[in-house]
Number of protein chains: 2
Amino acid sequence: MNQKFYSLPEEKQRAILNAGFHVFSQNTYKNSPMREIAETAGISKSLLFHYFHNKKELYLYLWTFCAEITIEEMKKSGCYQQTDLFESMESGKNAKLRLMRMYPDMGTFAVKAFCEEDPEVCREIRGSMDRYIQIHASAKLENLNPDDFIPGIDLKMMYKDMYLASEGYLWEKMKLGNLNIDEMERDFSELLSFWKKIYLKKGKAEYHDD
Amino acid sequence: MNQKFYSLPEEKQRAILNAGFHVFSQNTYKNSPMREIAETAGISKSLLFHYFHNKKELYLYLWTFCAEITIEEMKKSGCYQQTDLFESMESGKNAKLRLMRMYPDMGTFAVKAFCEEDPEVCREIRGSMDRYIQIHASAKLENLNPDDFIPGIDLKMMYKDMYLASEGYLWEKMKLGNLNIDEMERDFSELLSFWKKIYLKKGKAEYHDD
DNA sequence: AATGAGATTGACCGGAACGGTTAACAGGGG
DNA sequence: CCCCTGTTAACCGTTCCGGTCAATCTCATT
């Protein structure tokens, strides 16, 4: 790719990346026209080809960019160091929402790229896929103190429930487009405090309930 | 559309519909080539055009087919008459899984069609959209007897949690493709019985636990 | 074996759109 | 005045688009 891309004003860089995320997330690799990406970004096709020499290069750039910024943001959020499960979920979710605010279609793009089967790109995608596998909380779960939670609860199922509901919420909003991040933040906190109230042993629940 | 389509052997009909669902769910309306649909269905492009006179007709047929069969299957499952919330969720989920087994890409297609903005079809889609709005359980919730559940629980939040987790699960599986319906059935029952154990008042929980 | 009706296809149409190139333009600084 | 950088319109050959149609192939009925 052309290094000059980086000297573009940030908002223009973002416009181009987002245009790519958008079109590639809506269509197969092969059926995603460069013209459409350029139009969405508000630049001419020629200029797009000036920064990214061909379609494949743009696609793969988007893929690695997406992997890197996601990992970076997740680390920065500190959700991996957190010991409290709910705190960790909260910071993880905050990171996701922050990413979503900057690059609304990046998540969908990642999922789609993950499943892309076009021989022109799928080898490269699968090759660097390990950079994107989620470090799930399975390890974290073993560090939980069962005494903090209501007696007899299946902690693995509890986490599964919370994880799936979070994903379900994200998906539910995403699929209808036009996402309002602030609203999502509120809804998420509401869910979290609901779970705390349900799952935590009495007396522990109020602990974090600002 | 050509009525002869209906006299095709059922499995061939399904192959064609599924091919349509697949391609249209992966691409925008405009970027979905008829050739690709025909290829996926294992027939020639000419034959596809023999049954559906043009692209728009096929697309809109898929849309109404999807709405009708979904409503039919949901009604048939009896999930709307059920008085027990968990029973109702179970039969609703069974209906969804049955549909998913027959038409794996129909759900994704519906979501995408729902958001389609191409002027060639979006008017018609939005016009008949009311056929597809979910009759949510909000009304049902008011009939619940709070005494059946653990004291002090927010029933609306409880339902939201369960609904979102179900959607999240479906989405989680769908996005990675290659869905194993039997496994999904098992996972779902597991989730349901977990919720029963958590949310139902002690003594009520074992009631339905075959 | 010949016939005729449907099912199914390959070859074809004009024109649009593809990925990609290039020559030219705009405009600000020296 | 010219160079430099960012930007684009116009263009390239090629492929693919939605859609048509005449020619097959299939096969039950004579």
Side-chain angles (χ1 to χ4, degrees), chain A residues 1-17 19-24 26-63 113 116-122 124, chain B residues 1-17 19-24 26-63 113 116-122 124:
Chain A
M1 61 144 340
N2 191 333
Q3 293 298 325
K4 286 173 195 164
F5 175 71
Y6 292 120
S7 46
L8 250 56
E10 264 189 64
E11 65 173 321
K12 203 153 210 175
Q13 282 186 47
R14 263 224 315 276
I16 295 176
L17 297 180
F21 286 141
H22 185 72
V23 175
F24 281 128
Q26 300 270 14
N27 303 94
T28 313
Y29 171 75
K30 202 204 277 241
N31 291 337
S32 296
M34 290 291 268
R35 173 196 47 81
E36 207 173 309
I37 297 176
E39 256 167 38
T40 310
I43 61 173
S44 69
K45 194 174 52 141
S46 340
L47 190 52
L48 184 57
F49 273 103
H50 178 62
Y51 292 124
F52 301 92
H53 307 94
N54 54 54
K55 190 176 175 177
K56 183 174 172 179
E57 189 184 279
L58 169 59
Y59 189 77
L60 293 179
Y61 176 79
L62 287 172
W63 169 254
E116 179 62 60
E117 283 178 335
D118 194 303
E120 196 168 340
V121 291
C122 84
E124 283 90 336
Chain B
M1 62 144 340
N2 191 333
Q3 292 300 324
K4 286 172 195 163
F5 175 72
Y6 292 119
S7 45
L8 249 55
E10 263 188 66
E11 65 173 319
K12 203 152 212 175
Q13 282 186 47
R14 263 222 316 274
I16 295 176
L17 296 180
F21 285 140
H22 185 72
V23 175
F24 280 127
Q26 300 271 13
N27 304 92
T28 312
Y29 171 76
K30 203 204 278 239
N31 291 336
S32 296
M34 291 291 269
R35 173 196 47 81
E36 207 174 309
I37 297 176
E39 255 167 39
T40 311
I43 61 173
S44 69
K45 192 174 54 141
S46 339
L47 190 53
L48 183 58
F49 273 104
H50 177 61
Y51 291 125
F52 301 92
H53 306 92
N54 55 54
K55 190 177 175 176
K56 182 174 172 178
E57 189 183 280
L58 169 59
Y59 189 77
L60 293 178
Y61 177 79
L62 287 173
W63 169 255
E116 179 63 59
E117 283 178 335
D118 193 304
E120 197 168 340
V121 291
C122 83
E124 283 91 336

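This structure is a prediction, so every number in the text was calculated from the model and none was measured. A note on names: the letters A, B, ... follow the listed sequences, proteins ahead of strands, and every chain is numbered from 1.
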*Asks:* Distance-only, no hydrogens or angles: does the A:Glu57 side chain make a donor-acceptor pair with backbone N or O of A:Met1 under 3.5 Å?
*Replies:*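 Here the side-chain-to-backbone pair exists.
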
*Asks:* Among D:dT7, C:dA7, C:dT8, find the nucleotide with the atom closest to the side chain of B:Lys4.
*Replies:*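 Nearest nucleotide to the side chain: C:dA7.
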
*Asks:* May I have the distance from B:Tyr59 (atom OH) to D:dG18 (atom C1'), rounded to whole angstrom?
*Replies:*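 Atom OH in B:Tyr59 sits about 17 Å away from atom C1' in D:dG18.
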
*Asks:* Do the side chain of B:Glu116 and the main chain of B:Val121 share a donor and acceptor less than 3.5 angstrom apart?
*Replies:*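 Flag not set: sc B:Glu116 to bb B:Val121 has no pair under 3.5 Å.
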
*Asks:* Is the backbone N or O of A:Glu120 less than 3.5 Å from a side-chain atom of A:Lys30, with the two atoms forming a donor-acceptor pair by type?
*Replies:*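 Pair absent, no side-chain N/O of A:Lys30 close to backbone of A:Glu120.
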
*Asks:* Is a side-chain donor or acceptor of A:Lys4 paired with a backbone partner of A:His50 at a separation under 3.5 angstrom?
*Replies:*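 Judged by distance alone, no pair lies under 3.5 Å.
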
*Asks:* Verify the contact: side-chain N or O of B:Tyr51 to OP1 or OP2 of C:dT8, cut-off strictly under 4.0 Å; return yes or no.
*Replies:*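 The answer is yes; a side-chain N or O of B:Tyr51 sits under 4.0 Å from OP1 or OP2.
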
*Asks:* Starting at atom CG of A:Leu47, determine the distance to atom P of D:dG6, rounded to an integer number of angstrom.
*Replies:*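 Rounded to whole Å, this separation is 9 Å.
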
*Asks:* What is the distance from CD of A:Gln3 to C1' of D:dT5, rounded to the nearest Å?
*Replies:*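 One finds 17 Å between C1' of D:dT5 and CD of A:Gln3, rounded.
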
*Asks:* I'd like a table of atom pairs between the protein and nucleotides 18-21 of chain C - only N or O on both sides, under 3.5 Å - with the distance next to each one.
*Replies:*
from   : atom 1 : to      : atom 2 : distance (Å)
C:dC18 : OP1    : A:Arg35 : NH2    : 2.9
C:dC18 : OP2    : A:Arg35 : NE     : 2.5
C:dG19 : OP1    : A:Ser32 : O      : 3.3
C:dG19 : OP1    : A:Lys55 : NZ     : 2.9
C:dG19 : OP2    : A:Met34 : N      : 3.0
C:dG19 : N7     : A:Lys45 : NZ     : 3.2
C:dG20 : OP2    : A:Lys55 : N      : 2.8
C:dG20 : N7     : A:Lys45 : NZ     : 3.3
C:dG20 : O6     : A:Lys45 : NZ     : 2.5

*Asks:* B:Phe5 near the nucleic acid: base, sugar-phosphate alone, or nothing, with a heavy-atom cut-off under 4.0 Å?
*Replies:*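 Nothing: the residue B:Phe5, judged by heavy atoms under 4.0 Å, touches no strand.
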
*Asks:* Can a donor-acceptor pair be found, under 3.5 Å and without considering hydrogens, that links the side chain of A:Thr28 to the backbone of A:Asn31?
*Replies:*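 No: the side chain of A:Thr28 does not pair with the backbone of A:Asn31.
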
*Asks:* Both conditions, 6.0 Å and 45 degrees, for the charged tip of B:Lys55 above the ring of B:Phe24: are they met here?
*Replies:*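 No, B:Lys55 does not sit over the ring of B:Phe24.
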
*Asks:* Could you tell me the separation between the CD atom of B:Glu39 and the P atom of D:dC16, rounded to a whole number of Å?
*Replies:*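 Rounded to the whole Å, the gap is 10 Å.
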
*Asks:* Quick one: do B:Lys56 and B:Glu124 make a salt bridge, cutoff under 4.0 Å?
*Replies:*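 Salt bridge between B:Lys56 and B:Glu124, a charged N being under 4.0 Å from a carboxylate O: yes.
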
*Asks:* Can B:Glu39 and B:Arg35 be counted as an ion pair, charged N to O under 4.0 angstrom?
*Replies:*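 A salt bridge is present here (some side-chain N lies under 4.0 Å from a carboxylate O).
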
*Asks:* Can any side-chain N or O of A:Gln13 pair as donor or acceptor with the backbone N or O of A:Tyr6 at less than 3.5 Å?
*Replies:*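 Such a contact is found between A:Gln13 side chain and A:Tyr6 backbone.
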
*Asks:* Provide, to the nearest angstrom, the distance between the CD1 atom belonging to B:Ile43 and the P atom belonging to C:dG10.
*Replies:*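 Those two atoms, CD1 and P, are 12 Å apart.
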
*Asks:* Using whole Å, report how far CG of B:Leu58 lies from P of D:dC17.
*Replies:*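 Distance, rounded to whole Å: 15 Å.
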
*Asks:* Measure all distances between protein nitrogen or oxygen atoms and nitrogen or oxygen atoms of nucleotides 23-30 of chain C, and list the pairs falling under 3.5 Å.
*Replies:*
none

